[in-house]
Amino acid sequence: MKPIVALAAVGPLDVEPTAAELDAIEAEMPLIRAEVELLDVRISLLERPATELDERRLRRARRRVLHARRDLTNRLPAEPAEVIA
């Protein structure tokens, strides 16, 4: 039978992010900003039909997301493939 242990006894739950985690978030910020901008454009188009300028704004926002994803992918080091024995 396994004993039931209170979570407070296991360790603190309000642990701050590590420097590596903060660096990873910082590296992803251009993508996060581009995705937020795309979301803003999509939200603004929910209540009204899109004009030509709105369509341009939407295309620009989509391109920024794609460029940010590409840049982030090209910057990340390749993870070694797992060896299956």
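Quick caveat: nothing in here was measured; it's all calculated off a predicted structure.
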Note: Pro17 and Leu22 closest approach over all heavy atoms is CG-CD2, 3.8 Å
If you compare all heavy atoms of Ala34 against all heavy atoms of Val65, which two are closest, and at what distance to 0.1 Å?
O-CG2, 3.4 Å
Suppose the criterion is salt bridge (Lys or Arg N to Asp or Glu O under 4.0 Å): which pairs have a residue in residues 19-34, not counting sequence neighbours?
none
For the residue pair His67 and Arg64, confirm or rule out a side-chain donor-acceptor distance under 3.5 Å.
no
Residue pairs meeting side chain to side chain donor-acceptor pair (under 3.5 Å), one or both in residues 41-50, sequence neighbours left out, come to Arg48-Asp54
Could you work out, with side chain to side chain contact (heavy atoms under 4.5 Å, CB included) as the rule, every residue matching Arg56, not counting sequence neighbours?
Glu52, Leu53, Arg59, Arg60
Does the side-chain contact (heavy atoms from CB on, under 4.5 Å) test come out yes or no for Leu39 and Glu35, once each step is laid out?
CA-CA 6 Å; Leu39 184 62; Glu35 288 176 339; over 6 Å; no
Rounded to the nearest 0.5 Å, what separation is found between the CG atom of Leu58 and the CG atom of Asp40?
12.0 Å
Contact between Arg70 and Leu66 at the side-chain level, heavy atoms closer than 4.5 Å - yes or no?
no
